[in-house]
Q: 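This is the structure, below, for whatever I ask next.
Residue indices begin at 1 and follow the sequence shown. Given the structure is predicted, the values throughout are model-derived calculations rather than measurements.
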Amino acid sequence: MSVAVLFIVLFALILIGVPIAVALGISSLVCMVLFTSHDITGIPETFISAFKPTLMAIPMFILAGSLLSKGSAAQRIVDFAKSMVGHLPGGLPMSAILACIIFAAVSGSSPATVVAIGSVMFLAIKQAGYPQAYAVGAITSAGSLGILIPPSVVMIVYGVTASGLSGLDGKEIVVSIEALFKAGIIPGLMIGLMMMAYTYFGAKRLGYKAQKPEPFAVRFKQFMRAFWALLIIVVVIGGIYGGLFTATEAAGIAVVYAFIVSVFVYRDLKLKDLYSVCLDAAITTAMIFFIIGSAVVFAHFLTSERIPHHIAEFLIAQNMSWWVFLIAVNILLFIMGQFMEPSSVVMIMTPLLLPIAVSLGIDPVHFGIIMVVNMEIGMITPPVGLNLFVASSLTGMDLKNVVVSILPWLGVMVFGLALITYIPQISLFLVG
């Protein structure tokens, strides 16, 4: 009964337009009052307990991405990508996808990737004679890689949420952010390359021919122009993978590096611009942190009432195997991703699903990547897919036409999700 009321109240509030963070808090409070003897005066303490030192990585990565996206880093990355694959059939859309892959490793944000690359490439692809839907579909879909290719805010949210949980055997679940970042590299590159392959063969089918490739000297020149923007990937991911610093420390280094590159190397960001850059990052951070705090209260109610245990006992009684469970998880997350912001879904569903997954022998890092891929699919599916609205506002296309344009690439992403779900080593190969 308490579970039914909890989710009925939650989704009813969301449907009438109540912000997700507020809806999480209200639904938890209502159920605590109605069904438990919890002292609700302890809710503020539970809310504050959500903010662990690891979460400091979130505002830092957001700020680093904002610093680079406001300057010329995106244009330089696009020019480099065009010099590498622009001569192939579908070269410009493929260049946009490759630029999205690179910029995703810089920004950690899906909408920021669509804005940064889309603002440069949408018009260029259309002027080259490609259908507008081709450009919109490619960039909007590839932009969602921003939450899969590390650094990723959603991965950090999952890692913090998962590490506070216990399995059905009572043992604490520990998931490191560094392991998640490593695990996201191959799946992100794989889906990105699958998108590029689809774009290549689709362009050949439309009759586009290969052109003369750029000389090595031109490619090297574009590489050097983008060198300092590209180097941040090596600094952040290489430093974490090499054990030089933690994900939180890497976030701080990324901010300092992005500041130096944007202000002193490229000189396209003035000191007077820093206020607006920091304000944008602060607003985004505040929104995410409010959701996290409310979701921790929500998760506290679930775990204190042993709701995950009851659900797990029910599923185990049905003799559900791990692969059938993952089918159910993917369907559930796909539906929720259509209606809710990724961090919210991760914070709500991780306490429910992860203990069950671990009990079925599923690695918690692998499970986290499955959740993140589902969330990136949610970024491009209506009615709440944020990337769809970003693309619509950038191009002036009707939202319905944007949705239609992404469908082929959505199919590619769903196929990629299936591979990642049932071949754990795709995620775990670099984790060891």
Q: With sequence neighbours left out, what residues match F11 under ring-ring contact (aromatic ring centres under 6.0 Å, His included)?
A: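 For F11 there are no ring-ring contact (aromatic ring centres under 6.0 Å, His included) partners, ignoring immediate neighbours.
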Q: Could you work out, with side chain to side chain contact (heavy atoms under 4.5 Å, CB included) as the rule, every residue matching L407, not counting sequence neighbours?
A: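 Per chain and number, L407 pairs via side chain to side chain contact (heavy atoms under 4.5 Å, CB included) with L410.
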Q: My understanding is that only residues two or more places apart in sequence, or in another chain, count here; which of them pass salt bridge (Lys or Arg N to Asp or Glu O under 4.0 Å) with D79?
A: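 Applying salt bridge (Lys or Arg N to Asp or Glu O under 4.0 Å) to D79 gives R225.
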Q: Go through the structure and list residues passing ring-ring contact (aromatic ring centres under 6.0 Å, His included) with F367, not counting sequence neighbours.
A: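 With neighbours one apart ignored, the set is empty.
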Q: The test is side chain to side chain contact (heavy atoms under 4.5 Å, CB included); show your working for M155 and I177 and say whether it passes.
A: CA-CA 7 Å; M155 284 185 188; I177 308 298; 5.7 Å; no
Q: Give me the ring orientation class for F223 and F227: parallel if the planes are under 30° apart, tilted from 30 to 60°, perpendicular past 60°.
A: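 Correct class here is perpendicular.
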Q: With sequence neighbours left out, what residues match A135 under side chain to side chain contact (heavy atoms under 4.5 Å, CB included)?
A: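 In terms of side chain to side chain contact (heavy atoms under 4.5 Å, CB included), with neighbours along the sequence ignored, A135 is linked to F122, I125.
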Q: Using the side chain to side chain contact (heavy atoms under 4.5 Å, CB included) criterion, which residues pair with V9? Sequence neighbours excluded.
A: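 Residues passing side chain to side chain contact (heavy atoms under 4.5 Å, CB included) with V9: V5, L13, S27.
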Q: The criterion is ring-ring contact (aromatic ring centres under 6.0 Å, His included); which residues satisfy it with Y257, sequence neighbours excluded?
A: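 Not a single residue meets the ring-ring contact (aromatic ring centres under 6.0 Å, His included) criterion with Y257.
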Q: Taking only residues two or more places apart in sequence or in another chain, which ones pass side-chain hydrogen bond (donor to acceptor under 3.5 Å, both in side chains) with N401?
A: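 None.
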Q: Scan the side chains in residues 392-399 for donor-acceptor partners under 3.5 Å anywhere in the protein, sequence neighbours excluded, and list what turns up.
A:
from: S392; atom 1: OG; to: M397; atom 2: O; distance (Å): 2.7
from: S393; atom 1: OG; to: F389; atom 2: O; distance (Å): 3.2
from: S393; atom 1: OG; to: V390; atom 2: O; distance (Å): 2.8
from: T395; atom 1: OG1; to: A391; atom 2: O; distance (Å): 2.8
from: T395; atom 1: OG1; to: M397; atom 2: N; distance (Å): 3.2
from: D398; atom 1: OD2; to: K400; atom 2: N; distance (Å): 2.9

Q: Identify, with sequence neighbours excluded, every residue that meets ring-ring contact (aromatic ring centres under 6.0 Å, His included) alongside F334.
A: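 F334 satisfies ring-ring contact (aromatic ring centres under 6.0 Å, His included) with no other residue.
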Q: Can you list everything that forms a side chain to side chain contact (heavy atoms under 4.5 Å, CB included) with P408? Sequence neighbours excluded, please.
A: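 Side chain to side chain contact (heavy atoms under 4.5 Å, CB included) list for P408, sorted by chain: Y198.
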Q: Taking only residues two or more places apart in sequence, or in another chain, which ones meet S95 in a side-chain hydrogen bond (donor to acceptor under 3.5 Å, both in side chains)?
A: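 So S95 forms no side-chain hydrogen bond (donor to acceptor under 3.5 Å, both in side chains) with any residue.
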